[in-house]
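Every value quoted in this text rests on a predicted model; they were computed, and no experiment measured them.
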Amino acid sequence: MDYNKYYKKSKANSERKIERDDNINNIDVKESATIDKTIYILLTTVLVIVPLFIKAHLSEYISPKLTFLSTGMQADIFSYYKYIFLIIITILIGILFLYKVFFLQYKISKNYLNLFLGILAVAITLSAVLSPYKSLALHGMYNRHEGTIAFICYIVLFFVTANMKFSTKQISGFLYSLYPFVILNMVTSLAILNGKNLLDIGWVHNFILGSIPEEAQLSEGAQLWGTLSNPNYNSGIGSILAILFLTWALFDKNKLRTAINVVMGLCSLVIVLTSLSTSGFLTILTLFPFIILAILVHKQKGKALLVLGSFLILATALFIPIANKNPRVWDETIGFIVKENPFSSQPQASLMFIEHDVKKGLNEIFLPDRAYAEGSEIDTNVKFNIPTLPEPGIGAGTGRVYNWEKTLELVKERPLFGYGLDTFPYFFPQNDPAIIANLGTSNIIFDKPHNMLLGLLYGSGFFAFLSFIAIMILIVFKQLKVYFKHEKHRAGQNGVLTLSILLLGLAYLIQGLFNDSIVAAAPIFWILMGVLAANINQYEETID
């Protein structure tokens with residue numbers, strides 16, 4: 001029997017099937033590449049828009065209990081639209097990534113990083129479920145919006161970024177997207193330094209405040225410090241960007257880009273100086289030895305030292321006129337080490353002591369420490385002694401140490417899953433007499449712990465805190481392993497970029513010891529840490 005005709009037919013069918021499978025794979029690869037490109041554009045958009053966008057929003061806030069924070073219409077400029085934009089983009093990115101995993105058979109890396117990230121997500125979610133104020137824990141305070149939903153967005157952005165692959169050009173694009181933030185906030189901070197308020201400009205005022213009723217407008221004298229809600233945040237974020245751009249400039253082989261990044265580093269430094277907050281300066285000071293160490297292990301020592309010397313000279317040239325304009329610049333930076341201020345005509349400490357003595361004398365005259373019932377001056381048995389209150393003063397770290405101690409006391413009461421993120425003002429002992437001894441006044445509301453790590457520990461408990469620490473340790477040590485083990489990587493542009501991002505991450509954690517996480521800046525940290533994780537995964541795959 002002739003089987004050749006059946007054999008030929010079977011062979012033809014087999015060839016057509018293989019050809020079809022190849023076409024399907026090609027379509028999947030192309031579609032996957034398109035989705036990756038779209039996700040990259042969306043991630044870059046987050047880095048550009050979220051830190052920058054500010055616009056007033058009026059909403060009704062219902063306090064969970066009768067307290068100093070009243071129920072009613074509340075206005076917010078710095079966080080609401082950032083929060084909404086973050087949620088929308090995160091949902092889009094999440095949908096695209098899930099489609100890629102389930103329909104295009106994309107494999108997620110199996111590693112401890114994803115395990116700890118999952119624990120963090122679960123712990124944060126449970127903290128909202130178990131919080132006494134669930135709605136507040138979910139969305140956060142009306143003027144911060146850093147509740148559970150915001151943190152879940154950060155985790156999703158990190159996870160998606162960590163499970164992608166980026167070219168050197170794309171990583172550079174992430175960092176370029178931070179230029180507008182630096183430029184705009186530098187301009188705003190210099191305007192404040194020179195006594196000019198950008199809110200006085202008609203179109204700026206209309207854009208930011210035009211959406212709320214006139215009766216809800218800002219109080220007279222309100223100033224726009226930048227796109228962040230507090231000068232302390234300006235100082236912290238300015239410092240991490242100064243470290244980023246300086247490190248990039250030190251080791252970049254492209255001379256034009258080196259010059260541009262030196263300028264961007266100086267602009268970031270201006271933000272730190274004009275913020276009149278010490279946290280950013282301390283962050284730069286702490287990271288400086290790491291920069292020197294990076295120079296010593298790098299082949300281009302001469303070029304790096306030249307760039308560093310140029311940066312320091314230009315930084316000094318900027319510092320002098322800024323400190324001349326406002327002597328507090330010295331007090332909040334170099335004054336941390338050298339107390340005597342050469343830019344101040346009269347020592348600030350002397351003025352504080354004079355003011356304190358005058359107040360003490362007036363208090364002794366008009367506010368005696370004892371009050372007597374009528375006609376009872378002679379009878380000491382009926383005297384009423386007014387409780388002794390602490391003397392007004394400024395505690396360590398401008399009151400931060402006191403804040404941290406009270407926060408840790410709260411943590412002891414709910415250690416596992418915390419109180420819920422951003423519920424801090426309703427559990428802190430706001431009527432504690434010691435407040436006046438640490439902040440100089442009792443008219444202060446403690447609405448955050450002024451420490452990013454303590455904020456996470458208070459809000460979500462030990463499981464969230466420990467998993468976050470584990471994630472950071474894994475990223476830092478694995479990235480250092482890649483950097484030192486692969487000389488080709490260290491010498492190339494990819495190594496320069498990842499080193500710059502690594503130092504940015506360390507700077508963010510250090511300034512986070514004095515500042516809180518905020519929706520305007522946190523996505524920068526989480527996305528760029530995701531880039532480091534992606535870089536680590538890529539090198540581990542090549543080794544395997």
Side-chain angles (χ1 to χ4, degrees), residues 109-117 158 161-175 239-254 257-258 261-262 265 283-309 311 468-512 524-544:
S109 301
K110 294 180 180 179
N111 52 49
Y112 285 112
L113 204 58
N114 289 338
L115 174 63
F116 288 121
L117 197 65
F158 174 89
T161 307
N163 286 280
M164 292 180 62
K165 294 181 180 179
F166 300 101
S167 65
T168 301
K169 185 177 180 181
Q170 286 178 320
I171 298 175
S172 300
F174 279 138
L175 305 189
S239 67
I240 73 168
L241 295 177
I243 293 295
L244 170 72
F245 293 123
L246 173 59
T247 307
W248 193 3
L250 289 175
F251 305 112
D252 195 353
K253 295 179 181 179
N254 186 301
R257 193 165 52 214
T258 295
N261 283 323
V262 165
T283 300
I284 294 174
L285 209 61
T286 305
L287 264 293
F288 203 76
F290 291 90
I291 292 176
I292 298 298
L293 179 62
I295 292 174
L296 294 178
V297 301
H298 204 273
K299 285 186 175 181
Q300 294 182 323
K301 294 183 182 64
K303 185 258 186 184
L305 289 172
L306 179 63
V307 172
L308 180 62
F311 180 87
F468 175 79
I469 296 296
I471 290 168
M472 293 303 108
I473 290 174
L474 277 174
I475 289 176
V476 170
F477 279 95
K478 286 194 172 186
Q479 181 57 47
L480 287 175
K481 182 179 178 182
V482 170
Y483 184 79
F484 286 106
K485 192 172 182 180
H486 299 273
E487 187 174 345
K488 185 178 179 181
H489 167 77
R490 184 167 69 249
Q493 183 65 8
N494 188 270
V496 173
L497 293 171
T498 51
L499 175 64
S500 303
I501 295 172
L502 177 62
L503 291 183
L504 172 142
L506 292 175
Y508 183 86
L509 294 174
I510 290 170
Q511 67 85 35
I524 297 174
F525 170 74
W526 286 95
I527 290 175
L528 293 183
M529 289 302 97
V531 171
L532 284 187
N535 181 69
I536 293 166
N537 288 338
Q538 189 170 342
Y539 271 85
E540 286 182 345
E541 287 176 4
T542 57
I543 292 173
D544 294 339

Please report the interatomic distance [atom1]([X]) to [atom2]([Y]), rounded to the nearest 0.5 Å.
X: Ile501; Y: Leu532; atom1: CD1; atom2: CG; result: 5.5 Å
X: Lys253; Y: Thr258; atom1: NZ; atom2: OG1; result: 11.5 Å
X: Trp248; Y: Ser172; atom1: CH2; atom2: OG; result: 5.0 Å
X: Leu305; Y: Leu250; atom1: CG; atom2: CG; result: 8.5 Å
X: Ile510; Y: Leu287; atom1: CD1; atom2: CG; result: 4.5 Å
X: Thr286; Y: Leu506; atom1: OG1; atom2: CG; result: 11.0 Å

Backbone N/O of [Y] and side chain of [X]: donor-acceptor pair under 3.5 Å:
X: Asn537; Y: Ala162; value: yes
X: Asn535; Y: Val531; value: no
X: Gln479; Y: Val476; value: no
X: Lys301; Y: Leu296; value: yes
X: Lys303; Y: Asp252; value: yes
X: Asn114; Y: Leu117; value: no

Trace of the side chain to side chain contact (heavy atoms under 4.5 Å, CB included) decision for Leu474 with Tyr112:
CA-CA 8 Å; Leu474 277 174; Tyr112 285 112; 3.9 Å; yes
Using every non-hydrogen atom in the two residues, find where [X] and [Y] come nearest and quote the distance to one decimal.
X: Val262; Y: Ala249; result: CG2-CB, 3.8 Å
X: Ala242; Y: Gly265; result: CB-O, 3.9 Å
X: Phe251; Y: Val496; result: O-CG2, 3.5 Å
X: Thr161; Y: Gly530; result: CG2-C, 3.5 Å
X: Ile243; Y: Ala507; result: CG1-CB, 4.3 Å
X: Gln511; Y: Ile240; result: CG-CG2, 4.0 Å

Check the pair Phe525 / Leu509 against side chain to side chain contact (heavy atoms under 4.5 Å, CB included), numbers first and verdict last.
CA-CA 9 Å; Phe525 170 74; Leu509 294 174; 4.1 Å; yes
Evaluate the criterion side chain to side chain contact (heavy atoms under 4.5 Å, CB included) for residue pair Tyr508 and Leu241; output intermediate values, then yes/no.
CA-CA 9 Å; Tyr508 183 86; Leu241 295 177; over 6 Å; no
So Leu504 and Thr247, do their side chains get closer than 4.5 Å, heavy atoms only?
no
Any heavy-atom pair between the side chains of Ile475 and Phe158 that's under 4.5 Å?
yes
Apply the test ring-ring contact (aromatic ring centres under 6.0 Å, His included) to residues Phe166 and Phe174: give CA-CA distance (whole Å), side-chain angles for both, the deciding distance (0.1 Å), then the verdict.
CA-CA 10 Å; Phe166 300 101; Phe174 279 138; 5.3 Å; yes
Show, in sequence, the C-alpha distance, side-chain angles and deciding distance for Leu246 and Asn261, and conclude whether the side chain to side chain contact (heavy atoms under 4.5 Å, CB included) test is met.
CA-CA 7 Å; Leu246 173 59; Asn261 283 323; over 6 Å; no
Centroid separation under 6.0 Å, is that true for the rings of Trp526 and Phe468?
yes
